[in-house]
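Attaching a single structure in structure tokens format; questions to follow.
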Amino acid sequence: MSIALDPALCSGCGRCVEVCPGGLLALGPDGRARNLSPGECWNCAACVKDCPCGALSLYLAPQIGGGGATMRAARLGAVLRWEIIFPDGRSRFIRVDSSRPDGY
Amino acid sequence: MRTVAVDTDILILGGGAAGCYAALSAAARPGMRIMIAEKAHISRSGCLAAGINAINAHIGRGHCPDDYVDYAEKDAAGIARGDLLASMAGRLNKTVRTLEKLGLVVHKDADGRYAERGWRNVRVNGENIKPLLAAAVQKRDQVRVLNRVNIVSILIDDGRAIGAVGFGTTEAVCYVLRAAAIICATGGAAGLYSPNSPGFAGHCMWYPPFNTGAGYAMGILAGAEMTTLEMRFVALRCKGSIAPTGTLAQGLGAAQINSRGENYENRYGTMTAQRVYGTLRENLEGRGPCRLHAGNLTRPQVEDIYRAYLNMAPAQTLKWLEEEQKDRGEREEGGERGGWQEGKGRDEGSCFLAAEIEGTEPYLVGGHAACGYWVDSRRATTVPGLFAAGDAAGGCPQKYASGAMAEAEIAAEAALEYALEHPLGRCRALSASGAAVAEARGFLLRREEKGKVPFEAGQLEEAMQQAMDRYAGGISAAYRFNEAQLAVAAERIGEITFLSGSLGARDMRGLLRIHELRERLVVCRSLIAHLGARRETRWPGFAEHTDYPGADEAWRLHVNSRLQDGRIRVMFRDLVGRREVYEHRA
């Protein structure tokens, strides 16, 4: 499992660099985020959830059964909207409202 | 490399759950200066980075803290400190209320009471628990946070801990930090053994791979007494994603099923180690793969589970969604597979959710098992001025996140008292830091010179993990070992430690990798000594000593150790009751 980075979407804000608990992301000479060591990722998804541009997404490595789908997140207030994109181009959304105490 | 010297009153090593909570607790005393030194950034560092969907240590309605002590003692097969469990359990509910005040959303029932999942567990929307804690810390003017600083050594002067030395992980800065009292909250140790999926997905593990046993290693090298390192923790997890199983097992009553469709959990018991042991045996005896199977679900229940896993282990939700997608594809061709199946539950129209399960590699983690620093009832270690909390502190298993924070509060109170009674006067911090600084400079200077071994830290890390895996009871050895194998492990760890002294670092990140490797090696050495010292098998599933199969009542005691004159001295300590107060004797 690791993080896929779309440099075209990256604004260079550096938020992912700050939150990565492994210190695995850095801003490159072009001012955009780069992944220093994909194999050291813990899949905590902190960077994915904090990326304001949707430039980062999570995937399952093939070694642990990954089938090529990716998952990114957008924060809309208390709602985290996950977008799952399958290899055939289909996608689906799952909304998680963290302010609702009566369920997920 | 420039050196920065800073003085503070309370120095906290590690800004995870315990470290942040210790800082908040200590900041309740006006005028005290508090500093957190954190290897990553406190907003997402430590065990809570991905979030949690339940608080696993909370005293439910109709129960009392003593019930929790009973449960934890039983789960640890008797090897736990009653005094530590009792003081931790007594503060669990207060801790959860504090977290709620900080913004954690706790699920409520129709009467507005906490929604309990069993009597020890409350459901939360905890995706943001770590950012909430970090924000609370950052609001306190008294607390200074040093992010991206890796502490490598505790400074000792005249037998007392007086500070710590660390290095920037991105900037070439050496930090010499002096403090009247120090709280070690660095977490436990992952990465000692080969992981479930070595290679590219090697960090896809249960415990944070960035918790490298720094606190244990610094304590061992400072001469602190350590306890119960032989009680390793092996987690039962969803295969591949290594996501938690409790949400399925406790939340949905999912059963452990083997390949013949038999529910095997009652054959082995439902204690943590027994669940792992049962799954291991079923696989060894040819009845794998084993799955956790929740039947008779409605579609909204499945959607709830997807969201619950997104709040703590998003990889598992992604895995289920991929399987669901494959399932749809194959159904069109007449096939069936996958974790989730529509219309395949027990009742008509219901569905089920399943995940293959497996045991992880062993970890050292004082929040689940009883390993770590040997502390007194107030969480003081045997080194004056040094306190411990969370996964770094031993004797108090099953503390989980809320218990780690409750313990951090106890440690902070004791550290405050110590700091007020023993203010730091003149001390030799700079000279005490000399050896660690000289060693680090050596690694950095050796990058191009002769005398450098042609290896990288990562290669030696793999060599260490493989030696531990094969000879000290890792996954490939089915968590088994004997004395002859432990002797081989000890020899290999000695050789790798020797080689690691000649590594070279290109930059501060390289230096961090070398320090992490070397602290793991220190921990491995003590762990091997502990595995050999307990001549019985008390926790099958976590460890099996094949020279001494079966538990022996003579071993209802703590195996402790201390590094003395370069050798590990093993000693035995009596159990401590829940109504006792334990103090270190000089």
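Throughout, a chain's letter reflects where its sequence line sits, starting with A, and its residues are numbered from 1. Keep in mind that this is a model prediction, so the values were computed, not measured. The analysis underlying the following values was restricted to heavy atoms, covering all of them including side chains, and did not include hydrogens, waters or symmetry mates.
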Handout entry: Straight-line distance of B/S197 OG to A/I64 CD1, nearest 0.5 Å
Key =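 Between atom OG of B/S197 and atom CD1 of A/I64 there are 6.5 Å.
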
Handout entry: Winner by heavy-atom pair count (cut-off under 4.5 Å) against chain B, out of A/A45, A/G23, A/G22
Key =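 Maximum pair count with chain B is reached by A/G22.
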
Problem - Contacting moiety of B/P208, where chain A heavy atoms sit under 4.5 Å - result: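 Contact with chain A: backbone and side chain both.
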
Practice task
Would you mind checking if B/E322 and A/R90 are paired as a salt bridge, meaning a charged N to carboxylate O distance below 4.0 Å?
Solution key: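 The answer is no: the pair does not qualify as a salt bridge.
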
Exercise for the section: Against chain A, work out which of B/P209, B/G458, B/S241 has the most heavy-atom pairs shorter than 4.5 Å and name it. Expected result: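 The residue among B/P209, B/G458, B/S241 with the greatest pair count is B/P209.
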
Handout entry: From OG (A/S37) to NE2 (B/H203), nearest 0.5 Å
Key =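 So the gap between those two atoms works out to 8.0 Å.
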
Practice task
Enumerate by number any residue of residues 46-54 of chain A whose heavy atoms lie under 4.5 Å from heavy atoms of chain B; in the absence of such residues, state 'none'.
Solution key: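 From residues 46-54 of chain A, the residues near chain B are A/A46, A/K49.
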
Handout entry: Which atom of B/A315 lies closest to which atom of A/N43, heavy atoms considered
Key =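 Closest pair (atom of B/A315, atom of A/N43, distance): CB-ND2, 4.0 Å.
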
Handout entry: Inter-chain contacts: residues 4-11 of chain A against chain B, heavy atoms under 4.5 Å
Key =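 The stretch does not come within 4.5 Å of chain B.
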
Problem - Gap separating the CZ atom of B/R44 from the SG atom of A/C16, nearest 0.5 angstrom - result: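 The CZ atom of B/R44 sits 13.0 Å away from the SG atom of A/C16.
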
Practice task
Hey, could you give me the CZ/CG distance between A/F86 and B/L321, rounded to the nearest 0.5 Å?
Solution key: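 Rounded to the nearest 0.5 Å, the CZ-CG separation comes out at 5.0 Å.
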
Problem - Region of B/Y207 in contact with chain A, defined by heavy-atom distances below 4.5 Å - result: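 Only the backbone of B/Y207 comes within 4.5 Å of chain A.
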
Problem - chain A contact via B/T169 - side chain, backbone, both or neither, heavy atoms under 4.5 Å - result: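 Contact with chain A is absent: no heavy atom of B/T169 under 4.5 Å.
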
Exercise for the section: Apply side-chain contact (heavy atoms from CB on, under 4.5 Å) to A/C20 and list each qualifying residue two or more places apart in sequence or on a separate chain. Expected result: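 A/L24, A/L25.
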
Exercise for the section: Name the region of B/C238, side chain, backbone, both or neither, that has any atom closer than 4.5 Å to a heavy atom of chain A. Expected result: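 Looking at B/C238, nothing touches chain A.
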
Handout entry: Gap separating the CD atom of A/E18 from the CD1 atom of B/I42, nearest 0.5 angstrom
Key =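 These two atoms lie 9.5 Å from each other.
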
Practice task
Can you see which heavy atom on A/L58 is nearest to which on B/L318, and at what distance?
Solution key: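 Looking at all heavy atoms of both residues, the closest pair is O-CD2, 3.9 Å.
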
Handout entry: Shortest non-hydrogen separation from B/N125 to A/S99 and the atoms involved
Key =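 It is ND2-N, 4.3 Å.
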
Practice task
Look at A/E40, A/R92, A/M71 and state which one has the largest set of heavy-atom pairs under 4.5 Å with chain B.
Solution key: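 If we count pairs closer than 4.5 Å to chain B, A/E40 comes out on top.
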
Handout entry: Test side chain to side chain contact (heavy atoms under 4.5 Å, CB included) applied to B/E127 and A/V96, step by step
Key = CA-CA 10 Å; B/E127 180 280 314; A/V96 183; over 6 Å; no

Practice task
Can you label the angle between the A/W42 ring and the B/F210 ring as parallel, tilted or perpendicular, going by 30° and 60°?
Solution key: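 Judged by the thresholds at 30° and 60°, the geometry between A/W42 and B/F210 is perpendicular.
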
Problem - Contact summary for A/P21 and B/S45, nearest pair of heavy atoms - result: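 Residues A/P21 and B/S45, closest heavy atoms: CB-CA, 4.2 Å.
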
Practice task
Using a cut-off of under 4.5 Å on heavy-atom pairs, state which of B/K130, B/M205, B/R148 scores highest against chain A.
Solution key: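 That would be B/R148.
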
Exercise for the section: With sequence neighbours excluded, tell me which residues meet salt bridge (Lys or Arg N to Asp or Glu O under 4.0 Å) with B/R237. Expected result: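 Not a single residue meets the salt bridge (Lys or Arg N to Asp or Glu O under 4.0 Å) criterion with B/R237.
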
Exercise for the section: Working to the nearest 0.5 Å, report the span between CG of A/D88 and CD of B/Q325. Expected result: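 Answer rounded to 0.5 Å: 5.5 Å.
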
